[in-house]
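The shown structure was predicted, so the numbers you read here are calculated from the model rather than taken from an experiment.
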Amino acid sequence: MIVKNPKFEISAVRPNQYPSNDLPEIVLVGKSNVGKSSFINTMINRKKLARTSSEPGKTRQINFYNIDETFYFVDLPGYGYSKMSKTEQEKVGQFIEQYLFKSPKIALIIFLIDIRHNPTDNDKLMYNYVMSSSQPFIILANKADKIAPTKVLDSVSSIQKILNPLGDNIFLPFSSEKKIYCDAVWNEIEKYL
């Protein structure tokens, strides 16, 4: 997909702040600093539309990126960031839950996980949460550039065996650095748009 005019539209914490049009939403979930903002920038071939940071926990609201008036990439705050106060974590958790279970426009959830590590307890919780939302989803094993190319498929398979032993969900590698897996991900996104 060639993206011509992507734009950041709004940050929201309540349903009355969400965009009011009917564009489908591709939602990104994952732990803090797993690369959700970098994923957006890579997929739309821009450097800085979605703000990235080396410091985890920067995204504290739901960010809506309008992609050519066709759909939204929706960047949810990451989980597992320990410097956020308990109260703040609960508040963020509530508006994420409200969004995931109540938004009628979610077309696909993309769950990003770090390819270099086995899924954490928080990753397993989020996986179960996404499963229980009854929304279509795929899992991207991100940061594939950080391991040897010969180990990428084995690492993806290992993550799948931990989270999805039945092997009935889609797991793909991804790398914002290398940009070599974008076509496979666009193919999946386009199925749901």
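Taking CZ from F111 and CZ from F171, the interatomic distance works out to 8.5 Å, rounded to the nearest 0.5 Å. In this structure, the separation between CD1 on I109 and CG on L100 is 5.0 Å, given to the nearest 0.5 Å.
Formation of a donor-acceptor pair under 3.5 Å by the N21 side chain with backbone atoms of L23 is found in this model. A donor-acceptor contact shorter than 3.5 Å links the side chain of Q160 to the backbone of N169.
Between Y72 and F64, the two ring planes are perpendicular [angle over 60°; tilted spans 30° to 60°].
Every residue meeting the ring-ring contact (aromatic ring centres under 6.0 Å, His included) condition with F39, not counting sequence neighbours, appears here in chain and number order: F73, F174. Remark: Y99 pairs with Y18 by the ring-ring contact (aromatic ring centres under 6.0 Å, His included) rule, at least two apart or across chains.
Electrostatic pairing of K4 and E69 does not count as a salt bridge here, judged by no charged N lying under 4.0 Å from a carboxylate O.
The shortest side-chain heavy-atom distance between V74 and N63 does not fall under the 4.5 Å cut-off.
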Tell me, with the steps shown, if S38 and N41 meet side chain to side chain donor-acceptor pair (under 3.5 Å). CA-CA 5 Å; S38 296; N41 290 333; 5.5 Å; no
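Counted by atom type alone, S157 and D154 present zero donor-acceptor pairs between their side chains at under 3.5 Å.
Within a 6.0 Å radius of CG in L153, no more than 12 heavy atoms belonging to other residues, nucleotides or ligands are found.
Summarising the geometry of P77 relative to I96, their closest heavy-atom pair is O-CD1, 3.7 Å, with the distance given to 0.1 Å.
Judged as a side-chain hydrogen bond (donor to acceptor under 3.5 Å, both in side chains), the pairs with a partner in residues 174-184 (not counting sequence neighbours) are, in order, T42-S176, D145-S175.
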